[in-house]
Amino acid sequence: TMMALRRASAFLVLFLAALLPPPQCAQDPAMVHYIYQRFQVLEQGLEKCTQATRAYIQDFREFSKNISAMLGRCQTYTSEYKSAVTNLVLRVERAQREIDYLEYLREADVCVESEDKTLTEKLIQEAEEEKKIRNLLNSSCDNMLMGIKSLKIVKKTTDTHGSWMKDAASNSQKVYFLIGSRNKTVWEFANIRAFMEDSTKPAPRKLILTHSWQGTGQVIHKGFLFFHNQGTLNEIIKYNLQKRTVEDRMLLPGGAGRGLVYQHSPSTYIDLAVDEHGLWAIHSGPGIYGHLVLTKIEPGTLGVEHSWDTPCRSQDAEASFLLCGVLYVVYSPGGHGPHRITCVYDPLGTIGEEDLPKLFFPRRPRSHSMIHYNPRDKQLYAWNDGNQIIYKLQTKRKQPLE
């Protein structure tokens with residue numbers, strides 16, 4: 001800094017020397033004295049400036065030192081604060097666990113008593129449910145399927161989908177022919193011979209329903225045609241064939257009609273069936289290719305008597321039927337065979353996997369449009385690729401209930 005001041009003084013001397021009067025005036029004592037005084041004032045001002053600068057630099061250094069010390073203390077305080085907060089959280093959690101444990105001890109006796117009561121009520125409910133099912137399915141029917149004995153093609157048509165049947169609960173010899181998966185025309189033949197030979201008299205009677213059916217899951221029980229009403233999600237219609245009027249209708253619960261009941265039956269959302277115990281409905285549960293749901297229906301009132309979630313899936317399934325209260329589901333990978341029963345569900349639990357033989361149908365080129373059991377003549381009525389087929393069955397007695 002002093003070097004800079006000296007350089008500035010020298011520069012001023014040269015500058016003022018340039019402004020001095022000619023040599024003849026340079027000897028004036030007053031002028032020399034004036035210049036000397038000005039130089040002294042200038043040096044004093046420069047000295048004060050230097051001192052002020054030094055003081056500022058010193059103050060700044062002290063300030064920086066203080067700031068660094070304060071930042072260090074702040075970091076220490078922050079770390080201590082975090083540690084204290086962490087310890088507090090741990091203590092709160094420990095206290096909460098102790099409170100929960102004390103609460104558990106206080107309510108332990110009440111909980112044990114409540115659980116025992118709940119378990120007892122559940123066992124009683126299950127026993128009552130089992131008794132109800134046994135009473136519901138109690139009949140002289142105790143047969144189980146052991147094999148498909150033979151196949152008979154009764155008639156050939158050009159229609160890929162449809163259903164045909166006899167009344168499953170009467171001695172009538174009439175045969176009913178329902179063409180297509182969406183239609184309202186029912187053909188009534190006098191007997192099986194008239195159905196086989198179109199030229200045989202009398203000619204079939206044409207019945208025009210008031211509503212169209214959906215799918216191929218129709219059944220006839222005691223003179224009434226039961227079918228899934230087209231255009232509805234889950235409405236079942238009970239139709240009086242003699243009066244040609246709708247006798248009753250119901251909405252099948254349990255999510256029925258939301259998906260195809262069988263993967264290889266592309267138009268059937270609710271499949272109806274009749275066996276020795278009466279009227280049943282089969283539909284698919286929630287999800288893509290879900291498990292089949294079996295529902296027992298009282299045909300007189302159309303009330304739901306009971307419903308079961310079965311382990312049988314709708315994936316690769318093409319049809320199913322009931323025989324003596326047991327559900328048999330027919331599967332065919334890819335829809336082209338072999339046609340095999342690989343899932344059987346017995347609500348009473350009298351049939352196990354070890355009781356089942358290999359249940360194959362005679363090979364057909366396509367999947368079945370429908371397979372329905374008739375408990376009166378103990379045969380299966382089926383529709384496959386336009387052919388109306390009868391399968392004769394081989395059965396044996398089920399194991400008695402313990």
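The first residue of the sequence shown is numbered 1, and numbering continues consecutively from there.
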Fill in the blank from the handout: dist Gln214:CD -> Ile236:CD1 (nearest 0.5 Å) comes out at 11.0 Å
Handout entry: Main-chain N/O of Ala382 paired with Trp164 side-chain donor or acceptor, under 3.5 Å
Key = yes
Problem - 4.5 Å side-chain heavy-atom contact, Gln388 and Trp383 - result: yes
Handout entry: Thr268 vs Met370, side chain to side chain contact (heavy atoms under 4.5 Å, CB included): CA-CA, chis, key distance, verdict
Key = CA-CA 9 Å; Thr268 303; Met370 55 79 67; over 6 Å; no
Handout entry: N-O pairing of Glu247 and Lys238 below 4.0 Å
Key = no
Exercise for the section: Please round to the nearest 0.5 Å and tell me the distance separating atom NE2 of His291 and atom OH of Tyr345. Expected result: 12.5 Å
Problem - Side-chain heavy atoms of Ile179 within contact of Thr185, under 4.5 Å - result: no
Practice task
Examine distances only and state if a side-chain atom of Thr157 and a backbone atom of Gly386 form a donor-acceptor pair shorter than 3.5 Å.
Solution key: yes
Exercise for the section: Looking only at non-hydrogen atoms, find the nearest pair between Cys324 and Asn143 and report the distance. Expected result: CB-O, 3.4 Å
Problem - Heavy-atom donor-acceptor pair, Lys222 side chain to Ala168 backbone, under 3.5 Å - result: no
Practice task
Any chance you could lay out the side-chain hydrogen bond (donor to acceptor under 3.5 Å, both in side chains) test for Asp271 and His228, step after step, and finish with the verdict?
Solution key: CA-CA 8 Å; Asp271 191 15; His228 179 198; over 6 Å; no
Problem - Heavy atoms of other groups near Arg258 CZ, more than 12 under 6.0 Å - result: no
Handout entry: Val41 side chain reached by Glu43 side chain, heavy atoms, under 4.5 Å
Key = no
Handout entry: Within-4.5 Å side-chain heavy-atom neighbours: Ile371 and Val330
Key = yes
Exercise for the section: Evaluate the criterion side chain to side chain contact (heavy atoms under 4.5 Å, CB included) for residue pair His264 and Asp316; output intermediate values, then yes/no. Expected result: CA-CA 6 Å; His264 300 308; Asp316 283 332; 3.5 Å; yes
Problem - Exceeds 12 heavy-atom contacts within 6.0 angstrom, atom CD of Gln242 - result: no
Handout entry: Pair Glu298, Thr301: side-chain N/O donor-acceptor within cut-off below 3.5 Å
Key = yes
Practice task
Determine, step by step, whether Thr310 and Leu327 satisfy the side chain to side chain contact (heavy atoms under 4.5 Å, CB included) criterion, reporting the C-alpha distance in whole Å, the side-chain angles of both residues, the deciding distance to 0.1 Å, and the verdict.
Solution key: CA-CA 9 Å; Thr310 78; Leu327 176 69; 4.2 Å; yes
Handout entry: Lys396 side chain vs Leu145 backbone, donor-acceptor pair below 3.5 Å
Key = no
Handout entry: Ion pair Glu197/Lys155, N-O distance below 4.0 Å
Key = no
Exercise for the section: Side-chain contact test, heavy atoms from C-beta onward, threshold under 4.5 Å: evaluate it for Trp308 versus Lys296 and give yes or no. Expected result: yes
Completion exercise
Nearest heavy-atom approach of Ile148 to Phe360 is CG1-O, 3.3 Å
Practice task
State yes or no: are the ring centers of Phe195 and Trp187 separated by less than 6.0 Å?
Solution key: no
Practice task
Using atom types as modelled and distance alone, determine if a side-chain donor or acceptor of Tyr239 lies under 3.5 Å from a backbone N or O of Arg244.
Solution key: yes
Handout entry: Sub-6.0 Å ring centroid separation between Tyr262 and His368
Key = no
Practice task
Can you measure from CD (Gln40) to CD1 (Ile35) and round to the nearest 0.5 angstrom?
Solution key: 13.0 Å
Fill in the blank from the handout: Residues Ala273 and Leu322: closest non-hydrogen pair is CB-CD1, 3.7 Å
Problem - Trace of the side chain to side chain contact (heavy atoms under 4.5 Å, CB included) decision for Val344 with Met144 - result: CA-CA 10 Å; Val344 175; Met144 61 179 290; over 6 Å; no
Exercise for the section: Any chance you could measure Ser150, atom OG, to Tyr391, atom OH, to the nearest 0.5 Å? Expected result: 10.5 Å
Handout entry: Over 12 foreign heavy atoms within 6.0 Å of CZ, Arg376
Key = yes
Problem - Lys378 NZ: over 12 foreign heavy atoms closer than 6.0 Å - result: yes
Exercise for the section: For the pair Glu276 and Tyr373, evaluate side-chain hydrogen bond (donor to acceptor under 3.5 Å, both in side chains) and give the outcome as yes or no after the intermediate values. Expected result: CA-CA 10 Å; Glu276 292 81 358; Tyr373 173 69; 2.7 Å; yes
Exercise for the section: Establish, from distance only, whether the side-chain atoms of Lys392 and Gln379 form a donor-acceptor pair under 3.5 Å. Expected result: yes
Exercise for the section: With rounding to the nearest 0.5 Å, note down the distance linking CG in Asn387 to CG in Asp159. Expected result: 11.0 Å
Problem - Residues Ser163 and Thr216: side-chain donor-acceptor under 3.5 angstrom - result: no
Problem - Exercise: do Ser314 and Gln263 side chains pair donor with acceptor under 3.5 Å - result: no
Exercise for the section: Considering non-hydrogen atoms only, spot the tightest contact between Ile282 and Val261 and give its length. Expected result: O-CG2, 3.6 Å
Exercise for the section: Check for a donor-acceptor pair, side chain of Asp167 on one end and backbone N or O of Gly223 on the other, with a separation under 3.5 Å. Expected result: yes
Handout entry: Phe321/Trp280 aromatic ring centres below 6.0 Å
Key = no
Practice task
Over all heavy atoms of both residues, which pair between Phe226 and His221 is shortest? Give the atoms and the distance, please.
Solution key: CE1-CB, 3.7 Å
Exercise for the section: For the residue pair Asn191 and Gln173, confirm or rule out a side-chain donor-acceptor distance under 3.5 Å. Expected result: no
Handout entry: Main-chain N/O of Leu252 paired to Asn234 side chain as donor or acceptor, under 3.5 Å
Key = yes
Problem - Expected output: side-chain His283 to main-chain Leu260 donor-acceptor under 3.5 Å - result: no
Practice task
Please name the pair of heavy atoms, one in Asn374 and one in Asp377, separated by the smallest distance, quoted to 0.1 Å.
Solution key: CB-OD1, 3.2 Å
Handout entry: Donor-acceptor under 3.5 Å (Asn240 side chain, Lys243 main chain)
Key = yes
Problem - Expected output: side-chain Thr232 to main-chain Asn229 donor-acceptor under 3.5 Å - result: yes
Problem - Distance flag, aromatic centroids of Trp213 and His211, threshold under 6.0 Å - result: no
Completion exercise
To the nearest 0.5 Å, atom CG of Leu323 lies from atom CG of Asp346 at 11.0 Å
Problem - Within 6.0 angstrom of Tyr34 OH, more than 12 heavy atoms from elsewhere - result: no
Exercise for the section: Verify the distance criterion only: is there a donor paired with an acceptor across the side chains of Asn384 and His339 at less than 3.5 Å? Expected result: no
